[in-house]
Amino acid sequence: MAEKDTQVAEIIKLFSLVLKQYRLYSPTHPAAQLAFRNFFTILAESLSGTGNLTFGFMEGQIVVNEEALDRKKTGVGDLLKECQHLHIESLIFEPGVTEAEITALIRVMSIQSKTLQEAGGFKQAFDNEAFQRIRLGTSRYRMIKEEEEVIKKTDLGTVGGEADAEGSAMPRRTVDRMEEVIEHGLTGTENGIDFDIERLSYEVERRPENVARQMVRRADNLESLKRVVQDMGHFLRERLAQPFIQQGKDFSRTVTRLAKEFKKVVESFDTPEDFRGSVKDLVSVLQKCADAVKVELIVRNFEESGRDAKSLAGIKAKFLTSKEARERILAPLKERLLSLGVSEREFDQAFAAEEKPAPKRAQAETGAAEELSELRGLKERYEQEIKTLKGELVRAEGHKERLENIIGSLAEGLVVVDNEGKIQMMNPAAEKLLGMGQTEGLGVPIGQSLKAEHIVALTKGPLLDESNEVTKEIAVQSIDDETRKILQASSAVIENEQGQTVGMVAVLSDVTKQKKLDEMKSKFVAHVSHELRTPLLAIEQSLQILMAKETGAPSPEQEKFLEIAERNISRLSRLVNDLLDVAKIEAGEMKVKPISFKMCDLVHHVVDTVRGWAESKKIKLEERMPAADIEVEADPDRLIQVVTNLLGNAVKFTPDGGKITLEVDPTHREAQISEEPSIAISVQDTGVGIPPEDQERIFRKFEQGNLPPPSEGVGSTGLGLTIAKEIVELHKGKIWVESKPGEGSRFVFVIPRRYRDRTPAVPATA
Ligand code: ADP
């Protein structure tokens with residue numbers, strides 16, 4: 001059992017190693033070949049002993065023939081990573097699997113991601129091989145993160161240029177991650193590998209803690225850690241440091257920093273005991289490497305100066321600021337420099353002689369100066385950024401202030417309510433109008449703020465129309481000054497870019513005064529009209545007595561004047577009656593007194609009253625009535641008013657010789673006003689007609705069409721249709737006009753046959 005376990009562990013280790021070697025080198029490389037040999041031998045051996053070997057790669061585990069493997073064992077983590085990367089869920093090897101098959105498998109598994117993608121993915125590549133004794137299970141779900149990594153790696157891979165030259169006998173490989181260097185124990189001297197020095201040194205410089213962690217992670221035991229550290233030291237000194245030394249840059253500081261980070265990682269709690277015990281030795285390997293780099297740097301600088309001993313003092317000041325470093329490298333440095341012709345005295349003068357206390361900064365640890373300058377650079381960048389941001393802030397604040405000033409100085413109140421009904425903003429005018437103090441309502445859900453109940457009125461109620469806007473009036477009773485205000489609120493919904501409702505803005509204006517004036521005017525008109533009626537009635541009656549010749553016959557001339565007076569009095573009293581009606585409408589006092597009557601009778605009666613007038617204009621009057629009269633329950637006096645107005649207008653606006661058709665239609669198909677039976681009365685003329693833009697307007701108070709009425713002394717006030725409309729609507733009916741200028745007009749009104757107070761009104765449309 002234990003033996004079998006170790007065998008499996010060995011297989012995994014070699015499997016992972018083969019893949020690594022294949023990726024790093026070419027399959028023909030001796031290192032790859034050796035790894036492959038070992039792997040195949042042990043695999044074949046194991047298969048002949050145990051039968052099928054099933055490798056499952058799931059949930060962060062490798063399971064071999066149902067046994068999960070310890071993740072800490074060599075190669076387990078790596079192989080798992082490889083297989084997850086390729087979305088391999090399981091691999092089944094059967095006894096008798098050939099060397100060629102395993103070679104093919106390893107080849108397919110180590111194809112570069114980019115090439116693999118182009119080939120249609122691993123599964124496709126695997127299927128193409130038509131394996132006899134290897135079976136594959138692929139995972140259905142791809143890990144997004146790994147996907148990204150593939151892309152990243154492919155990107156980096158192209159930097160190396162020829163790296164992807166699949167199929168060439170010995171493709172060169174570009175190593176551009178320290179992880180690979182550590183993984184393969186590279187020392188920088190390998191053949192067939194290019195090193196992306198820029199990237200690698202950048203990684204050591206910027207991410208020393210990562211590199212250190214990878215080093216420790218790579219090692220299975222103290223021996224291998226020592227090797228890792230040795231290899232790393234070698235790699236840094238021989239490979240990475242070289243270009244820096246050539247450029248006169250001090251790479252030793254980077255190495256020292258890595259040594260420090262490495263020390264931290266080794267000393268952290270989760271490393272094996274013996275790692276921690278040897279930390280000093282391990283770190284000193286790296287430190288020695290740093291020192292060697294420094295020595296080389298100084299030597300190179302000295303050579304560059306033309307081996308001028310006088311340059312040594314300057315070199316020291318530049319690269320040997322730390323006493324500690326000086327002590328460490330003095331001996332090897334001396335050896336090197338003396339061999340280059342520096343005399344002992346010259347060397348001591350420059351390096352060994354106890355110098356006067358250097359300025360504090362110079363005494364700082366190696367690297368401090370560089371760190372400082374790095375920090376300075378950072379600081380400058382941040383300061384620049386802060387400056388830019390500050391500028392933007394000032395601009396934004398200016399903008400905000402301007403907006404606030406504008407909003408603040410608006411005479412109209414402005415209230416912004418968010419989606420949850422919380423008041424987000426209100427300007428001083430709104431606060432005053434609503435009697436709320438500053439901040440009193442801010443952020444408070446309108447339901448929780450008593451005073452904000454008015455705003456509830458704004459946000460609720462008659463639903464917003466299609467344009468998401470509505471104007472309404474609300475009465476505000478202020479508690480302190482006991483005055484009542486009428487506010488007109490125009491509200492609009494605020495939508496975000498996605499069209500979602502995020503709140504509402506309401507503009508409030510105080511219309512109290514306007515309302516009061518309106519009221520006063522209506523009262524005045526009602527009062528005056530009423531006062532006029534009494535004397536008018538007296539005059540009318542007196543005239544009638546005179547004309548009835550009850551007080552003696554007037555002369556023909558007197559009779560003529562009496563007729564003029566009578567005509568004008570009746571006009572005047574019609575006007576006064578209209579005004580009184582309008583006043584009643586405005587006060588909401590116009591009432592319907594419904595009784596039963598016959599509609600055709602009523603209409604016929606009205607036609608009779610205008611017949612004389614129509615005949616005087618040679619206008620033909622036609623009545624179209626149903627065979628049987630229609631019984632209607634309504635206010636006949638009011639309906640007489642309506643029909644008289646429509647008929648009078650028709651006569652008034654129809655030129656001589658025209659035609660007026662009056663129709664009572666109990667089966668009309670005009671706008672249905674309710675489910676109940678209704679009746680339509682229409683007056684059609686051949687008059688001047690009404691342009692479309694006026695067809696609604698003429699129903700409003702004092703509004704007249706643009707075409708002047710034919711001058712024939714018939715007075716007009718623009719009140720008739722207003723009153724007619726009101727009367728029809730009081731009957732829960734509808735009135736409208738259809739007309740084409742020049743061709744005549746047709747006024748229609750429809751009312752229910754039974755007057756019902758509770759029948760809902762239908763809004764009138766033109
Ligand atoms: P008035 O007739 O007193 O001016 P109305 O309210 O009855 O007031 O009519 C308003 C306006 O509608 C009229 O001034 C006229 O311009 C227009 N109008 C009404 N009836 C007709 C019609 N049959 N033909 C053309 N225009 C009409």
Side-chain angles (χ1 to χ4, degrees), residues 525 529 567-586 590 603 606-607 609-611 613-614 616-624 637-663 670 680-730 733-750 764-766:
V525 171
S529 317
R567 216 165 47 233
N568 281 285
I569 287 294
S570 68
R571 257 177 78 184
L572 192 56
S573 60
R574 262 205 318 276
L575 172 65
V576 169
N577 281 336
D578 278 359
L579 280 175
L580 262 176
D581 278 346
V582 170
K584 267 189 198 156
I585 291 169
E586 281 175 354
M590 187 180 264
V603 171
V606 178
V607 173
T609 61
V610 297
R611 197 173 292 282
W613 182 18
S616 74
K617 291 182 75 179
K618 303 207 173 49
I619 292 172
K620 213 179 139 209
L621 271 177
E622 192 186 310
E623 291 172 63
R624 286 190 197 156
D637 290 337
R638 289 299 181 192
L639 290 183
I640 287 174
Q641 239 178 307
V642 176
V643 181
T644 307
N645 178 262
L646 297 183
L647 209 52
N649 278 346
V651 178
K652 192 159 61 174
F653 293 101
T654 302
D656 290 7
K659 186 184 169 192
I660 294 169
T661 312
L662 219 131
E663 187 177 3
E670 328 270 2
I681 290 103
S682 63
V683 182
Q684 177 140 27
D685 63 42
T686 55
V688 290
I690 303 160
E693 65 270 21
D694 284 347
Q695 290 178 8
E696 197 185 349
R697 198 169 60 84
I698 52 171
F699 288 97
R700 291 202 291 260
K701 225 181 345 179
F702 302 110
E703 294 275 7
Q704 296 179 322
N706 287 326
L707 297 169
S711 54
E712 49 179 276
V714 191
S716 65
T717 54
L719 290 176
L721 286 178
T722 311
I723 298 167
K725 182 169 186 258
E726 180 67 23
I727 293 169
V728 170
E729 282 173 5
L730 277 173
K734 228 178 127 181
I735 183 168
W736 69 94
V737 63
E738 297 154 3
S739 174
K740 265 194 194 144
E743 286 180 24
S745 318
R746 178 169 178 256
F747 282 83
V748 191
F749 75 91
V750 182
T765 47

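Numbering starts at 1 and runs along the sequence shown. Atoms within each ligand, like the ligands themselves, are counted from 1 in listed order.
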Taking every non-hydrogen atom, the tightest pair across Ile690 and Asp694: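 Where Ile690 meets Asp694 most closely, the heavy atoms are CG2-CB, 3.7 Å.
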Between Val683 and ligand 1, which residue portion shows a heavy-atom distance shorter than 4.0 Å: side chain, backbone, both, or neither?
->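 Within the 4.0 Å criterion, Val683 makes no contact with ligand 1.
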Grab the two heavy atoms, one from Gln641 and one from Asp581, that are nearest each other, plus how far apart they are.
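That would be NE2-OD2, 2.5 Å.
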| task | Ignoring angles and geometry beyond distance, decide whether Leu721 reaches within less than 3.5 Å of ligand 1 through its nitrogen or oxygen atoms. | result |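 Among all N and O atoms of Leu721, at least one is under 3.5 Å from an N or O of ligand 1.
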>> I need the contact type for Phe747 against ligand 1. Using non-hydrogen atoms and a strict under-4.0 Å cut-off, is it side chain, backbone, both or neither?
In response: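 Side chain only.
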Look at atom 7 (O) of ligand 1 and find which of Asp578, Ile660, Asn649, Leu575 reaches it with the closest heavy atom.
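Among Asp578, Ile660, Asn649, Leu575, the closest heavy atom to atom 7 (O) of ligand 1 belongs to Asn649.
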Considering only heavy atoms of Asn645, which atoms of ligand 1 have at least one such atom less than 4.0 Å away?
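Counting from 1, the qualifying ligand atoms are 7 (O).
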Item checked: Shortest non-hydrogen contact from Ala724 toward Ile735 ->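 Heavy-atom minimum between the residues: CB-CD1, 4.4 Å.
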| message | With a 4.0 Å cut-off on heavy atoms, is Gly687 in contact with ligand 1? | response |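 No, Gly687 has no heavy atom closer than 4.0 Å to ligand 1.
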Output the list of atoms in ligand 1 that are nearer than 4.0 Å to some heavy atom of Val688, sorted by atom number.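 Counting atoms of ligand 1 from 1, those under 4.0 Å from Val688 are 25 (C).
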task: Give the minimum heavy-atom separation between Met590 and Leu730, together with the two atoms involved.
output: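 It is O-CD1, 3.5 Å.
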Any residue meeting salt bridge (charged side-chain N to carboxylate O under 4.0 Å, His left out) with Glu622, in chain and number order, not counting sequence neighbours
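With sequence neighbours excluded, Glu622 shows a salt bridge (charged side-chain N to carboxylate O under 4.0 Å, His left out) to Arg624, Lys659, given in chain and number order.
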Side-chain contact test, heavy atoms from C-beta onward, threshold under 4.5 Å: evaluate it for Leu621 versus Val610 and give yes or no.
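Contact flag for Leu621/Val610 side chains = yes.
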Report yes if some N/O of Asp685 lies less than 3.5 Å from some N/O of ligand 1; otherwise report no.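 Yes - when backbone and side-chain N and O of Asp685 are compared with those of ligand 1, one distance drops under 3.5 Å.
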